[in-house]
Q: 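Mind looking over this structure? Questions follow.
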Amino acid sequence: MRAPGRPRFPGAYSPARNESYRAPVPYIGEEQDLKQAAITGKRQCAIIDRPDPKVRENFCLVKITSAPMCTEYKAYADGERTETIGHEAAGVVVEAGAMGRVKPGDRVVVMPQYPCGACELCRAGDYIHCEHGVDPRAICGSETGVATYAQYCIKQDWLLLPVPEDVSDDHAAMACCGLGPTFGAMDRVGLAATDCILIMGLGPVGLGAVINATHRGARVIGVDGNAYRAELARKLGALAVLDPADEDLLKQVKSLTGGNGADCAVDCTAVPVAQKRCVELTRRRGSVAYVGWGGGFETGNMIPGGHSLHGCWHWNLTAAPRMMRTIRDCSRQIDTLITHTFPLSRLADAWELQLSGRCGKVILHPWE
Ligand SMILES: [Zn+2]
Ligand SMILES: [Zn+2]
């Protein structure tokens, strides 16, 4: 608790530096403990004061230094009122759980969800598919801690991945949705260096897929109609970026793949018509991974071509060392992927930017 009235983080009350941006988001409430974001209406948000989270058992308190932004802008655009926003983060351990897996001062990536940690899936590293999720607020007796557009969060110690010294917090946080879902997808389809992979949709997740695929030596065909993102994908190493509106899309893909179609495809759109096209654009006996979700689902007929389909949410935790190596190896590409960073006080600007589509991965800094 601090003296009332003193700004807790600089910049929260300062006027917008760039006049084309909106004013800083309003600050609501008494000076109390942690600050976190809230959606207060259609295209309206605020920074609110909430009590600092408490931890118990194997839960740790993490000071969030980097909060990558995902699809929360959709709730902002729709005006879905909530103060539990965000699921991606990296930061510093402030209070460690009883098991001693991490200690205060450790820099960590915060993995998503609150899985049980005991079932077969959790023990095999596939915690993301756990069906026995726990309620961290009930366990810890805490009102807060489950949002990442916030200054602190709480997480089980085994879901905090140590960050190597030479990797920044923003880069390490790409182990969440920046690189995570497509890293898992490429493991699932067994992407080989000799393969040509089609990435359907080049939003931040699809752009992360370009990084994962090129790092594994594969050739990449991207598909997206957004010129800004097509350019980013080319910078990240895509061999070609095609327009999904082109009538001869199939012909173009075939001419780039010796007449066969891509060896595999990853859908990052969640758009049924695009999901279906992934099968059409992939060669016979090829594999398609579905990463984007939430907008319906359609695969078309995969029987004539004998395609294998994979539902991919995230990556297996046992691959953590390989994930961190990928992040370190792809440092320059990740600098291209992360196009913007914003202080929490400029959250509205960040969301408006995401709605414009003229960005790659965007990161919030909750303490700036
Ligand atoms: Zn479990
Ligand atoms: Zn995400």
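Positions are given from 1 along the sequence. Order of appearance sets the numbers: ligands from 1, and atoms from 1 within every ligand.
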Q: Rounded to 10°, how big is the angle at the Zn ion (ligand 2) from His87 NE2 to Cys177 SG?
A: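 Value, to the nearest 10 degrees: 120°.
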
Q: Would you say the Zn ion (ligand 1) has His132 as a near neighbour, meaning an N/O/S atom of that residue under 2.8 Å away?
A: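 Given the 2.8 Å cut-off, His132 does not count as a ligand of the Zn ion (ligand 1).
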
Q: Taking the Zn ion (ligand 2) as the reference point, name the nearest N/O/S atom of Glu88.
A: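 Atom name returned: OE2.
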
Q: Is Asn260 close to Arg284 at the side-chain level, that is, under 4.5 Å between some pair of heavy atoms?
A: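 Not touching, per the 4.5 Å side-chain cut-off.
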
Q: Is the shortest distance from a Lys or Arg side-chain nitrogen in Arg216 or Asp187 to a carboxylate oxygen in the other one below 4.0 Å?
A: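 A salt bridge links Arg216 with Asp187.
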
Q: What do you get for the angle at the Zn ion (ligand 1) between SG on Cys122 and SG on Cys116, to the nearest 10 degrees?
A: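 Value, to the nearest 10 degrees: 110°.
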
Q: Can Asp248 and Lys251 be counted as an ion pair, charged N to O under 4.0 angstrom?
A: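 Looking at Lys251 together with Asp248, the answer is no, because their closest N to O distance does not fall below 4.0 Å.
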
Q: Verify salt bridge (Lys or Arg N to Asp or Glu O under 4.0 Å) between Lys103 and Asp106, making sure each step is shown before the conclusion.
A: CA-CA 6 Å; Lys103 57 183 190 308; Asp106 284 357; 3.1 Å; yes

